[in-house]
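Indexing begins at 1, ligand by ligand and atom by atom, following the structure's order. These numbers come from a predicted model, not from an experiment.
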Amino acid sequence: MNFIEQIIEEDIRNRKNEAKVHTRFPPEPNGYLHIGHAKSICLNFGIAKKYGGKCNLRFDDTNPVKEDTEYVDSIKEDIRWLGFEWAEEHYASDYFDQLYLWAEQLISDGLAYVDDQTQEEISKGRGVPTKPGDESPYRNRSVEENLDLFRRMRAGEFPDGSRVLRAKIDMASPNMHFRDPIMYRILHADHHRTGDKWCIYPMYDFAHGQSDSIEGITHSICTLEFEVHRPLYDWFCEALKIHHPQQIEFARLNLNYTIMSKRKLLQLVKENHVRGWDDPRMPTICGLRRRGYTPQAVRNFAETVGVAKRDNIIDVSLLEFCAREDLNKTAIRTMAVIDPVKLVIDNYPDDLVEEMEAVNNPEDPSAGTRKIPFAKELWIERADFRENADKKFYRLSIDREVRLKYAYIIKCTHIVKDDSGEIVEIHCTYDPETKTGMPQSNRKVKATIHWVPVSHSKKAEVRLFDRLFSVPDPDSCDEGQTFLDNLNPDSLVVKDVFVENGLTFEKASSVKHFQFERIGYFYCDPDSTEETLVFNKTVSLKQ
Ligand code: ATP
Ligand code: MG
């Protein structure tokens, strides 16, 4: 049980909330969701489920300039893909009328005022935490004057930035958020939902808690950077005398070798450093999906990471581990040769094609078996042969034996090189008595290698990914450099490979997740066509 669950169980014991546990996931629709959001989604939806409550999806859409319905749609798709369904769908913008009335209420109670100072003057007046700030010369306006000015702000009489509405709290508070925080600003901008109805917009602190309150949220779970906002969250609820949800903070998820700022992810997309939000190298949920991660793997990852009270950095290899673990159980096995060299079995009949029985998933007998043609000429991996093999190399070398998976034991006899010295053919003989499943097949050899028949294989494209950034903390860079200077120039390698003939377009695009035996897990990319299949490498078989 994590510390948030402890708080909730304590609250349930004390019957603190009459209602059932009610959480929410509150994204700002200004970008695509990333793995950090997945953590928050699993937490909020997971808690609601565990305690028989519900979880809302609420779009915190109070900043019209950066928000868009494209993001709203992608967020909904990603949450559903993760396997969650919200109880209610809301938008902070649906509450603009109520928020406006509450602002007038605070003005009438002498708890808010219109400030004519510039943004710089306001910042300067706030001062520093160790010294009290200076009160605004407009702080003691009458209620009537404030109401009049605020209504005229709403009516559009003033230009952007000329006035703000501030809460009247304490300019000497050691908590800077208490030094008369801004509640409303003037912004003549079109909103993706409310159009031009509003030219004043509430700030985060005067929208988030109020929206939680309206929805009857019991536990408002957010990341640690909002801990310093909590007294203000509480203050507004008390001042407005409205339902008061409990804000609880946890440490945000940080992963090494990647970035999670939406602004920077947007920059990667806009400046074409990646192929889009769903580029398989991106830490976005749609990127992970296209990479071949499963919802189960992402949920397991969120669960394994747990909930912390202090910031920490999670190694990206844990995410990869979770992918491997889940895919091992479900991915259909197939053979593919990534870096091919030709193997010729000299004593195998020229025209013979045998059908070998291959297992589709040893972890799941119900996945069945398939037949793979076997012939005299095969493609094998170049790296499975070594001319000068030492004792530690167990695979193919002259005069050495290996097993060809699902087939025979072969012995290498000689090799053929081209003028440049590159190996173009590896020759061997096979022992017909050693066919997999036959009595002799238990004969010991130190290695088994995979293959595809030259005559019964086809080309496919694979996209091999490395980390998008070459350093663990992409944000730490030398002077004059940015996180972009830490991009890994070799994060994408595209290769032509040979796959089994039986891997048809229909099969690839319906099965989707494959294990290329001995290589790794691969996902059929939507760029695949009848002519050319495209596979993204999700993760290698071993770390
Ligand atoms: P921005 O970079 O625009 O401030 P954000 O990452 O805070 O964005 P929001 O849309 O405000 O994005 O986030 C929605 C919810 O997801 C918030 O409750 C936020 O605390 C949570 N969240 C965001 N990033 C992480 C993260 N890395 N780990 C855990 N939760 C996160
Ligand atoms: Mg945010």
Note to self: Would you call the rings of F150 and Y100 parallel, tilted or perpendicular, taking 30° and 60° as the class edges?
What the structure shows: parallel
Notebook entry, point to check: Which is closest to atom 26 (C) of ligand 1 in terms of heavy atoms, C42, P29, C222, G36?
Noted result: G36
Notebook entry, point to check: Which of the atoms in ligand 1, numbered in the order shown and given with their element, are less than 4.0 Å from a heavy-atom of E28?
Noted result: 9 (P), 10 (O)
Notebook entry, point to check: By number and element, which atoms of ligand 1 are closer than 4.0 Å to a non-hydrogen atom of S40?
Noted result: 16 (O), 21 (C), 30 (N)
Item checked: Side chains of Y138 and N146, donor plus acceptor under 3.5 Å -> no
Next item on the list: Report, in ascending order of atom number, the atoms of ligand 1 lying under 4.0 Å from any heavy atom of P27.
Entry: 10 (O), 14 (C)
Notebook entry, point to check: In terms of side-chain heavy atoms, does Y113 have a donor or acceptor partner in N140 at a distance below 3.5 Å?
Noted result: no
Note to self: With nothing but distance in play, are any N or O atoms of L253 less than 3.5 Å from an N or O of ligand 1?
What the structure shows: yes
Checklist line | Side chains of R333 and N361, donor plus acceptor under 3.5 Å | finding: yes
Next item on the list: If the plane angle is over 60° it's perpendicular, under 30° parallel, otherwise tilted; pick one for Y32 and W277.
Entry: parallel
Notebook entry, point to check: Any idea which part of N30 is under 4.0 Å from ligand 1, heavy-atom wise: side chain, backbone, both or neither?
Noted result: side chain
Next item on the list: Run the salt-bridge test on E89 and K76 with the 4.0 Å N-O cut-off and return the result as yes or no.
Entry: yes
Notebook entry, point to check: When you measure from atom 6 (O) of ligand 1 to each heavy atom in E249, K66, H37, which option holds the nearest one?
Noted result: H37
Check: Hey, is E225 one of the residues with a heavy atom under 4.0 angstrom from ligand 1?
Finding: no
Margin query: If we count only N and O atoms by modelled type, under 3.5 Å, do the side chains of N56 and E215 hold a donor and an acceptor together?
Written below: yes
Check: Taking atom types as modelled and ignoring hydrogens, do the side chains of R166 and S136 form a donor-acceptor contact shorter than 3.5 angstrom?
Finding: no
Check: Taking distance alone, with no angle check, do K262 and ligand 1 share an N/O pair under 3.5 Å?
Finding: yes
Margin query: Please check whether S261 reaches ligand 1 - meaning an N/O of the residue sits under 3.5 Å from an N/O of the ligand, judged on distance alone.
Written below: no
Next item on the list: Select one of side chain, backbone, both or neither to describe which atoms of H34 lie under 4.0 Å from any atom of ligand 1, heavy atoms only.
Entry: side chain
Notebook entry, point to check: So is P26 in contact with ligand 1, going by heavy-atom distances below 4.0 Å?
Noted result: yes
